[in-house]
Amino acid sequence: MICKILSISLLFWGVQECSSHECVDPLVSSLYANSFLASSRYNFLYSANFAKLYGSSGWSPSPRDSQPWLQIDLKRKYRIQAIATQGTFNSYDWVTKYTLLYGDRPDAWTPYVMKGGNSTMPGNWNYHQVKRNVFHYAFTAKHIRLLPLGWNTENGGKIGVRLEVFGCAYDSYVMQMNGDDSVAYMFPGKRFRTLQDHFAVNFKTLEQDGLLLHSEGVQGDILTLELRKGRLVLTIGLGSSTVNQVDGRTTMTVGNILDDQHWHYVTIKRYGRQVNFTVDAHTETAISKGDFTYIDLDTQVGLIEPNVPHLPEVPNFRGCLENVFINGINFVVNAIISSSYLVFFFSQKKMHYACRDILWKPMTFAGPNNYLQVPGFFRKPRMFVKFKFRSWDYTGLLMFTRFADELGALELGLSEGQVNVTLFQPGKKKLQFAAGYRLNDGFWHTVDVAARDNLLSITIDEEEGSPLKITNPFTVRTGDRYFFGGCPKTNNTIRKCETKLNHFHGCMQQIFIDNEPVDIDIILQRRWGRYAELLLGTCGITDRCTPNPCEHEGRCIQSWDDFICLCENTGYKGEVCHMSVYKESCEAYRLTGKSWSGNYTIDPDLSGPLKPFEVYCTMKSDKAWTIVMHDRIDGIKVTGSTVDRPYIGDVNYWNASWDDVTALANTSMYCEQWIDYSCYKSRIHNTANERPYSFWIGRNNESHEYWGGAFPESGKCGCAINQTCTDARFHCNCDADYRQWYSDKGYLMWKDHLPVRKVVVGDTNRTGSKAHISLGPLRCHGDRSIWNTISFTKPTYIEFPTFRPGSTVDISFHFKTYRPHGVFLENSDDWLRNFIRIELNTTQNLVFIFMVGDGILNVTLRSPVPLNDNEWHFVQAELNVKLARIKVDYQPWAVRRFPGQTLVTMEFSHPLLVGAANRTLWPFLGCLRGLRMNGVTLDLEGKANEEQGIRRNCTGQCLNATIPCRNAAQCIEGYAAYTCDCGNTAFDGFYCHKDIGAYFEIGSWLRYNIRKKPTTNEEWWANWLDPHYHNFSLGYNDTSDEIEFSFSTFQTPAVLLYISSFVHDYMAVILKKDGTLDMRYRLGLITHKYQLSFRNLADGYPHYVNITRHNRTIRTQVLWELVEVDVHIVTPLSLSLTPSEVGDIDYEIQRHNSPGLVGCISGVRYNIYAPLKTLFRPNETEPPVTVQGFVSESNCGAFPPVHGYVPWEADHWFTSIGETTYPRIVVIAAVILLFIGLYSIYIYLYRYKGSYHTNEPKNFLESPGGSSSRPLTGTLEKKRFPEIEEDFRSD
């Protein structure tokens, strides 16, 4: 059991706080029925006293209750930590959202405000599950009120509440301060000297200014806590001296609009120079100025007596203080017992130890249609209206009243921070004037309006000396209704409230009508007035700009329920001024297309805390140099320095702080800085094992003894490396100590030591000794953050330290992958109640998923193109209190905006995972590059581990494939593996290495339709006018063609390939009777012939043919022979193998087509069309292939493909290498020889089986080509063949 006893020896009253557990006791379950009160009830079974957690019923208000509430009297004051709610038992009744009010009295309330300024708390989603809300700071209260704001309406649902409040007993000791009295605690021994302190005080007040605590010391130590314009200011000093010009005072400011008559909880904790200052839930941390760690205070601490000469303009505090602790001593308890250590200073009144609240009735105008209607005295010739208001809004209706006898109306409105007075008169022009200045600052302001005939005056903030008056002729007869905050929606045209102003949002109090105070409770009880969407008895105004949500010194402007950030002249942009408008380096500018050298502004940490600064960028074609100048460019002349009292030259870089320049060097790939030490009898290095005379200081304040041109930490100069030193006995020219000028100079190139921060010179005090130091600008190029790349080749992930972004996060990275899904990164807490995740959900959906305070939400970017195309894509994501958004490449942002007052809490506990999620895994396979989070680059390459499947760079398997894809197939990257896309080839197999061939018997042929003829009338007419119309519309490329195939036969003549067009132009490859090969084409009336080979190719061996056309030039290859001719080919209609269609084929070609090809053709490809592959490997239901006769699939006698060498460590079939290797090799060799023998017999017999089997060509084993694939030739002999003369005779 934990027990804290406040003993008499420590001047405590003897209060004892004991608890057997933490402060989470249930406070409602033990209360009696008289502790529950509600605005109404549905019936007896739904009374307020049934609203206990896990009860058998619940509270429900009357359906006619427009503003229901449930109130609980806890009977004493408690410290409250959490609340839990349920719906009504076994029903459809539950509350989905609500507001919680608390207070010491049942008529004065304080709204609980969550982080972000939101007072709407999440409720339940069914009747039985418990929704627990833990308060982000504990508060003290005796009364609790719950206001339902939303509830279930499905299936006849209504408001239903069961609740429990958790906390512990709280002992409250209070004193009332009236401003003209004070009390001080006298330190025992008249001295107060401590290393650490803990001060705590609770207060509430209506005053903007007042001194709470003050104490001083003779050595300049000071401790002051005061209210200053509604903000709490702490001044602490650990020692100051005007003689030595030492100012050790540190000032910290926390909170705003603290003059709201609500309890505020203040804690000051100090250890040495570190100070934590907390008001409610907002904590500021600072390191106090000076070099001292103890605070020395004299005599006393407390509320000082009036007219202290040190603080003549600070009024004493006026309000209530509760439980003031000074290092464990309860200040108030000592006052109650009249301790001898306390000194009291009174005026005429006695000290009160109870908080006498001022009976004021504040009200909050918080809804979109709020208003308050109160009665007034009818037809009086004088009008007096007075009230107080506070607001953040620029515009809004303050008060409206319509005069009697239709004499007009008076309107008071808030506009641009002023009170605009508008007087309406029938038949006359309205009168308008304004008073006040910046009245929308959140503080209380008083408006006093007096009017009679021909005179109207208005006074702001009771400045009686300068009221604003208007003396135009008009008549005043007061009406019987006054409207505050807005006009109700009504059809009543008599004495109707009419205005063009928005509804007022803010607080009002102390309303006087005709010098009579308006008692809201009595007026509403007697139904003399009406209201809507008001919170009575409380002022719920919240300062959303304290602490400032705008980053990088952005200016915050707020309204009642939202804020905006003005980012002008900050160098940042976005909803909270988080994103930098500049690039991180000159290299980044170069990559965006900036090619001209000049001054650029860079921001090395982007959204980080460092400010942008200007540098000079020298742009090259392959790199960009970043140059930062400083104040030592012109050099330093040094004399009179010694090793004990050296000269220290600080280097100040232009436009940049030391942190800025360090960040630039840290993110660069390479940096250098020229340094030149010129000496005249001035040494650099001392004798061995002694401190050097001169050195320089770089990053991390580390000193370095090596100089330009030397290796890091070598202790040498560049001449020692080049062996050019003046005296070979020394490592530097200057160490020779000659009476003449020498220099040691060169570039410092070790990036981790740069930039140079200081230069220290220590040997210039001898006669004639002197030195001159020159330091060049810092020059860097490259950007590690852009090119930091890894590849995930296995399902795995990388761990980084837990990401702690605060309330705003931005993430950017490049990726490429072939996988349709995968998680890029995730960070979460232990229960996955707080997390962020970015993942590729489908091939086209990029998703940013998060749970940061209001359930699981996501924003999804739907890309019009697949993102798993194995190309680099750039992803950017951002999350703040205003919105979440994500984008990829140059596509527009996908945005999810949040409602006002949204809370964003990113408090993670697990490590940051890159490459997978914590529980769902969904691993990412592919490449990641340049991962940044809140401007910080994560070192991906530093986490590379080949065994775990994390590889440096992004090479994948395609670049170094053991067996590459064959026949111009496309390699599809798999990083851990790869596949070959054979789609645009005529081959098949894993490596696209298998021929797809066909054996043609006598009279058989195959036709592949490339284009269909026009079918509609319009197409037919267009084709008749322009035969090329249809093909042109299809986008056919008529500038280049490529044809390749292999064939083997003994039969001649034969037409191997025939390509025809709509207009009967054609191109054909013919095997003539003598076995030579011709290419023929016809354009118009003339037929052209070219002989491609003079050899007899009808020898049964496979022969490879390639025809490539570019514009009018055709290059052909038959085995080793190259031929170039000039032709022009028209758009094709169809492609035919061994054509035999009489009538559609030119007669000259038909003569060579009898009896046709009897043999084998394989690997046929015309551009992207592969007829044989389409026939035997169709990928559509109706392939455009027509076959006549018997055409069977065959590999045309090709040898099995010869694969590349596979290393044993990459061979999955490999087992091990040991002492039994030799017998295994013998067995394997025997098996291989047996297989070759059987295969030879098989080939020999199989070729003569006829067409029933494969119809392979004969005598293949003796073929010099060895395969129907593309021949592996060395240097090809290029020949130019003459065109064959036209001959109409038969060959």
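Being a predicted model, the structure only gives us computed values, none of them experimental. Values below: all heavy atoms of this structure, side chains included; hydrogens, waters and symmetry mates excluded.
- Counted by atom type alone, N880 and E878 present one or more donor-acceptor pairs between their side chains at under 3.5 Å.
- For H552 and Y572, the ring centers sit closer than 6.0 Å to each other.
- Cysteine sulfur proximity is satisfied for C565 and C550, their SG distance being under 2.5 angstrom.
- A38 is linked by a side-chain contact (heavy atoms from CB on, under 4.5 Å) to A48, W59, L70, counting only residues two or more places apart in sequence or in another chain.
- With no hydrogens or angles considered, no side-chain donor-acceptor pair links Q432 and N420 at under 3.5 Å.
- Panel note: side chain N256, backbone T546; no donor-acceptor pair is recorded below 3.5 Å.
- Judged purely by atom type and a 3.5 angstrom limit, T446 has no side-chain atom pairing as donor or acceptor with the backbone of D461.
- Between the side chains of E322 and S172, a donor-acceptor pair is found at a separation under 3.5 Å.
- Here the shortest heavy-atom pairing between R228 and D209 reads CA-OD1, 3.3 Å.
- Side-chain contact of Y112 with T99: a donor-acceptor pair under 3.5 Å is absent, judged by distance alone.
- Here the two cysteines C355 and C320 have their SG atoms closer than 2.5 angstrom.
- Centroid-to-centroid, the aromatic rings of F384 and F512 stay 6.0 Å apart or farther.
- Remark: the E533 side chain and the Y371 side chain contain no N/O donor-acceptor pair separated by less than 3.5 Å.
- Without hydrogens or angle criteria, R481 side chain to V374 main chain gives no donor-acceptor distance under 3.5 Å.
- For F277 and H282, the distance between ring centers is not under 6.0 angstrom.
- Look at R390 and D441 and you find no salt bridge, because none of the NZ, NE, NH1 or NH2 atoms lies under 4.0 Å from a carboxylate O.
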